[in-house]
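Comments concern the structure below.
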Amino acid sequence: MQRIPVLLSFALAAALPTGSALAFTDKPVKLIVPAPPGGTIDVFARIISDQLAHELKQPVIVENRPGAGGAMAVKYMLSQPSDGNTLLVTVTNILTEVPHVLKGGFDAMKDVRPVSQMARSVMVFIASPQFPAKDAKEAIAYIKAHPGQLSFASYSQGTASQYAGAILNQKAGLDMQHVPFPGSAPALAQIMGNQIPLMFDGSVTTKPLVPGGKVKLLAVAYKSRLSDFPNVPTMAEIGYPELDFSNWAGVFASAKTPQPLLEKINATLQKVNASQAVQARYLSTGFEPIKQERTLEQLSTDLQAEYQRNGEIVRNFGIKLN
């Protein structure tokens, strides 16, 4: 009679996750960010890191590894053990936009797995403080009146920040020159300093700069207006429906990570995302919380759909590296 509990204990032990599956909660976690401090992705990572540390009862370290359109961060994450201790935190453009024009040495659709979809950032059209236009219509008219003289910044080559400028060039018959930067923060520094007049940026990094006049918000490059700036029209409203860009922010892992561990990370991150404090911080910084939970399979489908849509944009508008 005493052997039954012993055998049962062995059976239960065999059924439990072992090895790397336990490492997610047993060791510190690094969140790798493919952008410099102060950008959209960095802001998001720092919102979730404190709450994640609370859930894991382990230190969570945000590590910035910008460069090569995000490839440096992705490849670093892929080079680490697939044990959940090194995760990529990014907005999806790094995986669904950049790879179409910049080969990073990895397959975004095969080597990386989305683990959690947590918040959304949308694109906005902005100008430097001294730019002589108060809205997008006036800006387009001014660019046309000064051919060959104006440029637009982006937060990296191969991102929607570049796509949007290229599409506006083609649809409005403009000739703005593209000037890429390694992230939103250095690009915005040039906009605020009036060195570069125009940019398509994420709402998260632009929002705090608008009230003080550090940048001008010309239009929203998304399907709907922003609740914080209800009087600012969308690009679709002024005749450019193609300028509809948003990305979701979330956490990603190596595709080699065991499925049970991915499920465990997903569950933990969903708990982080459900925190009212985290959602309040999303809203205060310009992110839109995503409250609908998605399975790992649904996340992969979402990522693939976004990748294919951006591939069509690159082909249809002939977007290339500078």
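Positions are given from 1 along the sequence.
- Judged purely by atom type and a 3.5 angstrom limit, T295 uses its side chain to pair as donor or acceptor with the backbone of Q298.
- Here the side chains of L88 and L78 are not in contact, with every heavy-atom distance at 4.5 Å or above.
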Worksheet item: Which is it for S151 and Q177 under the side chain to side chain donor-acceptor pair (under 3.5 Å) test, yes or no, and what are the steps along the way?
Response: CA-CA 4 Å; S151 58; Q177 300 301 306; over 6 Å; no
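- T234 and E237 share a side-chain donor-acceptor pair at under 3.5 Å.
- L299 is not listed as a side-chain neighbour of V115, based on a closest heavy-atom distance of 4.5 Å or more.
- For the atom pair OG of S161 and CZ of F181, the computed distance is 10.5 Å after rounding to the nearest 0.5 Å.
- Summarising the geometry, atom OG1 belonging to T257 is positioned 12.0 Å from atom CD belonging to E263; distances are rounded to the nearest 0.5 Å.
- Using a 4.5 Å heavy-atom threshold, the side chains of Y155 and P180 count as separate.
- The two residues A136 and A219 make their nearest non-hydrogen contact at CB-CB, 3.7 Å.
- In this structure, the side chains of L198 and F131 come closer than 4.5 Å at one or more pairs of heavy atoms.
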Practice prompt. Could you give me the CA-CA distance, side-chain angles and deciding distance for V33 and T90, then say whether side-chain contact (heavy atoms from CB on, under 4.5 Å) is met?
Written response: CA-CA 6 Å; V33 175; T90 186; over 6 Å; no
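- Residues S116 and N266 approach most closely at CA-ND2, 4.4 Å, considering heavy atoms.
- With 3.5 Å as the limit, one finds a donor-acceptor pair spanning the side chains of E306 and T92.
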Worksheet entry | Residue pair F152, V179: steps toward the side-chain contact (heavy atoms from CB on, under 4.5 Å) verdict | CA-CA 6 Å; F152 73 96; V179 183; over 6 Å; no
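- Here the straight-line distance linking atom NZ of K256 with atom CG of L261 works out to 15.0 Å at 0.5 Å rounding.
- Using a 4.5 Å heavy-atom threshold, the side chains of I140 and L168 count as touching.
- The backbone N or O of M176 lies less than 3.5 Å from a partner atom in the side chain of N169, making a donor-acceptor pair.
- With hydrogens and angles left out, the side-chain atoms of R120 and S246 include a donor and acceptor closer than 3.5 Å.
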Worksheet entry | Stepwise side-chain contact (heavy atoms from CB on, under 4.5 Å) test for I47 and Y282 | CA-CA 7 Å; I47 288 175; Y282 287 161; 3.7 Å; yes
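- For K216 (side chain) and A133 (main-chain N/O), a donor-acceptor pair under 3.5 Å exists by modelled atom type.
- Looking at D175, its side chain never comes within 3.5 Å of a backbone N or O of P147 through a donor-acceptor pair.
- In this structure, Q130 places its CD atom where only 12 or fewer heavy-atom neighbours from other residues, nucleotides or ligands lie under 6.0 Å away.
- Listed here is the closest heavy atom pair of P99 and Y307: CB-CE1, 4.3 Å.
- Note: F200 and F125 have parallel aromatic rings, judged against thresholds of 30 and 60 degrees for the angle between ring planes.
- Taking OG of S49 as the reference point, atom CG of L56 lies at 11.0 Å (rounded to 0.5 Å).
- Taken together through direct or relayed side-chain contacts under 4.5 Å among Ile, Leu, Val, Met, Phe, Trp and Tyr, M72 and V89 form parts of separate hydrophobic clusters.
- Using modelled atom types, one finds a donor on one side chain and an acceptor on the other under 3.5 Å when comparing D42 with N64.
- Contact of the M77 side chain with the L87 side chain is not registered, since no non-hydrogen atoms from C-beta on lie closer than 4.5 Å.
- The distance from the CD atom of Q270 to the CZ atom of R294 is 10.5 Å, given to the nearest 0.5 Å.
- Looking at heavy atoms from C-beta onward, P36 lies in side-chain contact with P186 at the 4.5 angstrom threshold.
- Side-chain contact check for K30 and Y76: at least one donor-acceptor pair (N or O, by modelled atom type) lies under 3.5 Å.
- Judged by distance alone, the side chains of E312 and Q308 never bring a donor and an acceptor atom under 3.5 Å apart.
- The closest side-chain heavy-atom distance from Y222 to M123 is not below 4.5 Å.
- Not a single donor-acceptor pair under 3.5 Å links the side chain of D135 to the backbone N or O of L218.
- Shortest non-hydrogen contact noted between M118 and V251 is SD-CG2, 4.0 Å.
- Residues T268 and L52 come closest through the heavy atom pair CG2-CD1, 3.8 Å.
- Between R113 atom CZ and I265 atom CD1 the span is 10.5 Å, to the nearest 0.5 Å.
- Applying the 6.0 Å contact sphere to CD of Q276 captures no more than 12 heavy atoms from other residues, nucleotides or ligands.
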Practice prompt. Start with the C-alpha gap between L102 and Q157, add the side-chain angles, then the distance that decides, and say whether side-chain contact (heavy atoms from CB on, under 4.5 Å) holds.
Written response: CA-CA 8 Å; L102 183 64; Q157 294 202 98; 5.5 Å; no
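- In terms of heavy atoms, S203 sits closest to G286 at OG-O, 3.5 Å.
- For the pair R225 (side chain) and P230 (backbone), a donor-acceptor distance under 3.5 Å is present.
- Checked by atom type, the side-chain pair N247/S121 shows no donor-acceptor distance below 3.5 Å.
- With hydrogens and angles ignored, the 3.5 Å screen pairs a side-chain donor or acceptor of E97 with a backbone N or O of A160.
- You'll find the ring centres of F287 and F44 inside the 6.0 Å limit.
- Between the side chains of Q162 and S154, not a single donor N or O lies within less than 3.5 Å of an accepting N or O.
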